[in-house]
Amino acid sequence: MIEVKNISKSFADQQVLKDISFVFEKGKTNLIIGQSGSGKTVLMKCCIGLLDVDKGEINFGKTCFSCFSEKEKRKIQKEMGVLFQGGALFDSFTVEDNVMFPLNMFTKMSLEEKRERVNTVLKRVNLLNANKKFPAEISGGMIKRVAIARAISLRPNYLFCDEPNSGLDPKTAELIDELISDLTEEFQMTTVINTHDMNSVIQIGQKIAFLHKGELWWEGDKNVILKTDNEELNEFVFSTELTRRINRN
Amino acid sequence: MKIIQEIGAYVWLMFQAFKRPDKGKVFRRQLMMDFQDLGTNSIGIVAVISLFTGAIIAIQMAYNIDSPLIPLKTIGFSTRQMMIVEFSPTIISLILAGKVGSSIASEIGTMRVTEQIDALKVMGINPANYLILPKITASMIYNPVLIVFSIVLGIFGGWLAMLVTGLSSSVVYIEGVRSWYDPFTITYAMIKTLVFAFIIASVSGYKGFYVKGGSVEVGRASTQAVVYSSILIIVFDLILTQMLLT
Ligand SMILES: Nc1ncnc2c1ncn2[C@@H]1O[C@H](COP(=O)(O)OP(=O)(O)O)[C@@H](O)[C@H]1O
Ligand SMILES: [Mg+2]
């Protein structure tokens with residue numbers, strides 16, 4: 001469980017996050033949704049320790065993460081897996097070396113054990129026969145899979161995904177969503193996902209926070225999101241022709 | 001004001017970089033890769049430029065000696081001296097600033113804009129230490145080797161030129177190379193080389209590390225890395241020469 005308590009964050013004179021409180025639950029896929037520029041990435045970066053909050057607290061379980069120094073933060077960071085928007089694979093490493101990287105850094109496993117773990121997670125994300133390829137040689141969907149494999153290679157307790165299906169075709173996007181959702185349940189992780197994709201919202205939104213201009217405008221889940229009378233949320237939800245048509249019927 | 005900020009950020013980054021690596025094995029692997037990228041891949045250009053420059057210096061000296069009072073062995077002596085004190089340590093370092101500096105800045109800059117540096121950081125790794133320290137170490141170990149190689153090739157180039165043009169005999173040239181030798185010139189050359197190697201790797205690493213934006217900014221940072229390190233090399237050349245030779 002991750003608890004965000006009254007956090008605010010500004011850049012220069014622009015306040016990006018305004019007094020946000022929310023709880024991301026364990027074993028669930030927690031979604032942060034909102035328009036581009038609403039502050040989703042900034043909120044996530046605060047949670048993983050890439051940005052410092054101006055006010056408020058972020059607690060992992062009972063530990064106050066945002067109170068920690070950079071060095072103390074690392075201990076909790078080692079329990080996190082993060083999937084960046086572009087995958088952020090190391091392009092001088094092969095797929096296999098990318099996934100093995102956290103194991104090299106933080107475990108004392110033998111090469112055999114590491115190979116085995118790498119193959120297990122790559123198989124888990126349905127990526128076979130790509131071990132020796134470089135990131136530049138594989139497709140966007142495969143990059144996301146490798147990035148997920150790298151994120152879960154140390155069996156994290158917390159998984160963060162920034163727009164995991166941006167730039168993917170609808171079918172692949174759905175597969176990635178399913179994968180993240182399955183892994184969350186399997187490893188009982190606290191998963192936080194940034195998205196502006198309504199498909200994901202309906203499919204895996206077990207808990208949803210809707211950000212609007214840096215404020216937490218609405219919270220709920222996939223079962224109630226289509227039936228609210230929150231004007232800004234409805235505008236976001238029914239922002240495409242497809243959803244509008246479905247809504248009319 | 002801005003320059004003070006930049007210097008502050010640079011110094012802070014160096015403090016981050018100069019920490020004990022988390023894993024020795026991983027550091028050594030990075031170091032080996034950087035030896036290859038920053039050192040071995042520069043051998044070709046260093047060889048060609050040094051060989052030709054040595055030849056050119058020797059020929060110019062030969063044509064400029066028209067008084068019978070100046071012994072012909074001055075050719076060998078001057079070629080050696082020029083290679084050791086100025087050409088190899090400074091000019092080759094400037095060339096490496098162009099080649100190695102831009103490659104360091106664009107590699108690290110690309111990692112920044114594609115969030116690879118963020119990825120390292122959230123894994124709990126100190127990215128400055130992981131990325132920049134091996135590059136500084138590799139440059140400071142490999143550049144002296146390249147410079148010695150350049151000196152030797154330059155002197156050899158001069159000898160070859162004498163042989164081909166017949167402006168001086170091989171024996172006299174070699175005698176010149178061995179005349180009036182002061183070992184301190186080598187020390188002086190090595191000190192300069194080490195300082196310049198540090199400048200190249202650290203300034204370029206710094207420029208890449210703080211890139212904001214996209215590919216255009218990465219390109220700009222890599223140009224700036226070359227400009228800044230070149231200027232600093234010349235400035236420090238002056239300072240070190242004043243300090244060491246007076
Ligand atoms: N490092 C930064 N410096 C200044 N402004 C930033 C920074 N990061 C984000 N912002 C601003 O914060 C706002 C929210 O950005 P972001 O969280 O990336 O939105 P999104 O919801 O699309 O992920 C934007 O207006 C952006 O310009
Ligand atoms: Mg974003």
Side-chain angles (χ1 to χ4, degrees), chain A residues 11 41 44-51 65 68 70-93 97-111 114 135-136 143 146-147 150-154 156 158-163 192, chain B residues 5 12-13 15-17 19-38 41 103-135 138 208-215 218:
Chain A
F11 293 108
T41 300
M44 182 171 283
K45 284 190 173 170
C46 290
C47 291
I48 60 184
L50 286 178
L51 290 172
F65 179 67
F68 280 166
E70 198 112 313
K71 209 172 160 192
E72 292 168 313
K73 276 182 181 160
R74 283 194 200 159
K75 220 184 278 163
I76 292 187
Q77 282 173 328
K78 282 171 193 171
E79 295 178 35
M80 296 179 189
V82 181
L83 172 60
F84 285 90
Q85 200 166 347
L89 297 182
F90 304 123
D91 25 48
S92 55
F93 290 178
D97 287 340
N98 262 287
V99 181
M100 206 185 278
F101 184 80
L103 305 176
N104 286 335
M105 283 318 260
F106 301 115
T107 69
K108 294 195 160 47
M109 291 180 172
S110 70
L111 189 62
K114 284 188 282 195
I143 285 181
V146 180
R150 185 178 69 184
I152 61 169
S153 67
L154 283 176
Y158 309 98
L159 182 65
F160 295 89
C161 310
D162 195 1
E163 313 254 357
V192 180
Chain B
Q5 255 176 9
W12 188 86
L13 186 67
F15 270 107
Q16 296 301 309
K19 296 226 164 105
R20 217 185 117 85
D22 295 328
K23 277 245 169 156
K25 205 166 137 202
V26 175
F27 175 77
R28 283 191 294 276
R29 193 170 90 163
Q30 288 287 99
L31 192 61
M32 284 304 146
M33 270 163 53
D34 288 332
F35 273 145
Q36 177 75 32
D37 287 350
L38 311 181
N41 289 347
S103 108
I104 292 178
S106 55
E107 183 189 331
I108 296 184
T110 304
M111 293 187 73
R112 165 64 77 192
V113 300
T114 55
E115 298 182 304
Q116 293 175 51
I117 291 184
D118 286 341
L120 285 169
K121 195 153 176 255
V122 293
M123 283 180 199
I125 293 162
N126 169 351
N129 176 262
Y130 173 77
L131 292 172
I132 299 178
L133 187 62
K135 296 202 192 303
F209 200 82
Y210 287 115
V211 172
K212 272 205 181 87
S215 53
V218 173

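The chains referred to below are lettered A, B, ... by the order of the sequence lines, with proteins before strands, and numbering in each begins at 1. Here the structure is a predicted model, which is why all the values come from computation and not from measurement.
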Is the CZ atom of Phe11(A) crowded by more than 12 outside heavy atoms at less than 6.0 Å? yes

Please report the closest heavy-atom contact between Ser92(A) and Met33(B), naming both atoms and the distance. OG-CE, 4.2 Å

Quick one: which of Asn126(B), Ile125(B), Asp22(B) has the most heavy-atom pairs under 4.5 Å with chain A, could you say? Ile125(B)

Do the side chains of Phe84(A) and Val122(B) get nearer than 4.5 Å, heavy atoms only? yes

What part of Leu89(A) lies closer than 4.5 angstrom to a heavy atom of chain B: side chain, backbone, both or neither? backbone

Check the surroundings of atom CD in Glu70(A): do more than 12 heavy atoms from other residues, nucleotides or ligands lie under 6.0 Å from it? no

Any donor-acceptor N/O pair, Lys23(B) side chain to Asn104(A) backbone, under 3.5 Å: yes

Here's a test for you: under side-chain contact (heavy atoms from CB on, under 4.5 Å), which of Met105(A), Lys78(A), Arg150(A), Met80(A) qualifies with Met123(B)? Arg150(A)

Which atoms of Glu79(A) come close to chain B, meaning under 4.5 Å heavy atom to heavy atom: side chain ones, backbone ones, both, or neither? neither

Is it the case that the side chains of Asp91(A) and Gln116(B) hold a donor-acceptor pair, with the cut-off being a distance below 3.5 Å and no angle test? yes

Taking the cut-offs as 6.0 angstrom to the six-membered ring centre and 45 degrees off its axis, would you call Arg29(B) and Phe101(A) a cation-pi pair? no

Under a 4.5 Å heavy-atom cut-off, does chain B meet the side chain of Lys45(A), its backbone, both or neither? side chain

State the CG-CD1 distance between Leu50(A) and Ile117(B), to the nearest 0.5 angstrom. 11.5 Å

Correct closest heavy-atom pair for Glu115(B) and Gln85(A) would be OE1-N, 3.5 Å

